[in-house]
Amino acid sequence: MLSTVALLTFIQLQHPVVCMKRPERVYRLLAQHQESLETWGIVQDGTLVEMWVNISTGSWTLLATYNGESCIIRSGIASGIGTTRRGTL
């Protein structure tokens, strides 16, 4: 299994990864993008992985936090959050 550091290194090779302290990152997601926390999970190494979504615009951000540093893994402009019933595609 890939460690969080290895995963972030791999992703950074594909796309720039932007990291900062979690409180500042959360403030920016809330204030600048009007995204709210949709779901989260904890990886075996203790990394917190979260998906933040703006239901009105469909924008989303996948965030990974380890030792207080939050890194944007990916973000996008369209999501299915709030548009489908659970259990259906």
Side-chain angles (χ1 to χ4, degrees):
M1 175 168 36
L2 284 176
S3 71
T4 300
V5 173
L7 178 61
L8 289 175
T9 301
F10 171 77
I11 291 170
Q12 192 165 18
L13 293 174
Q14 307 300 311
H15 306 280
V17 175
V18 180
C19 301
M20 62 183 58
K21 294 293 182 191
R22 188 171 190 284
E24 184 179 350
R25 173 55 62 206
V26 168
Y27 173 79
R28 288 183 183 202
L29 290 172
L30 292 168
Q32 294 177 355
H33 301 284
Q34 293 77 48
E35 293 183 355
S36 58
L37 182 60
E38 179 66 28
T39 191
W40 61 273
I42 298 177
V43 181
Q44 189 173 2
D45 69 0
T47 301
L48 172 64
V49 179
E50 303 167 290
M51 184 166 199
W52 291 74
V53 177
N54 179 321
I55 293 177
S56 298
T57 66
S59 72
W60 58 270
T61 302
L62 187 59
L63 193 65
T65 302
Y66 187 75
N67 286 340
E69 281 288 309
S70 292
C71 304
I72 294 177
I73 303 302
R74 292 302 300 258
S75 60
I77 57 171
S79 71
I81 303 294
T83 61
T84 59
R85 294 190 327 250
R86 296 216 183 266
T88 63
L89 291 177

Do Y27 and L29 land in one hydrophobic cluster if side-chain heavy atoms of ILVMFWY residues count as linked below 4.5 Å? no
How would you list, by chain and number, every residue that makes a side-chain hydrogen bond (donor to acceptor under 3.5 Å, both in side chains) with E50, sequence neighbours excluded? R22
What's the separation between atom CG in L30 and atom OG in S36, rounded to the nearest 0.5 Å? 8.0 Å
I'd like to check L63 versus I73 (side-chain heavy atoms, cut-off strictly below 4.5 Å). Are they in contact? no
V53 versus W60, closest heavy-atom pair with distance: CG2-CB, 4.1 Å
Considering all heavy atoms of both residues, which atom of T47 and which atom of Y66 are nearest to each other, and what is their separation? OG1-CD1, 3.3 Å
Say you draw a straight line from CD of E35 to OG of S56; how long is it, rounded to the nearest 0.5 Å? 11.0 Å
For I42, side chain to side chain contact (heavy atoms under 4.5 Å, CB included) partners two or more places apart: W40, L48
The criterion is side chain to side chain contact (heavy atoms under 4.5 Å, CB included); which residues satisfy it with E24, sequence neighbours excluded? M20, R28
Partner residues of T57 under the side chain to side chain contact (heavy atoms under 4.5 Å, CB included) criterion, sequence neighbours left out: N54, S59
Do T61 and H33 touch side chain to side chain, with heavy atoms closer than 4.5 Å? no
Quick one: list whatever passes side chain to side chain contact (heavy atoms under 4.5 Å, CB included) with E69, sequence neighbours left out. C19, K21
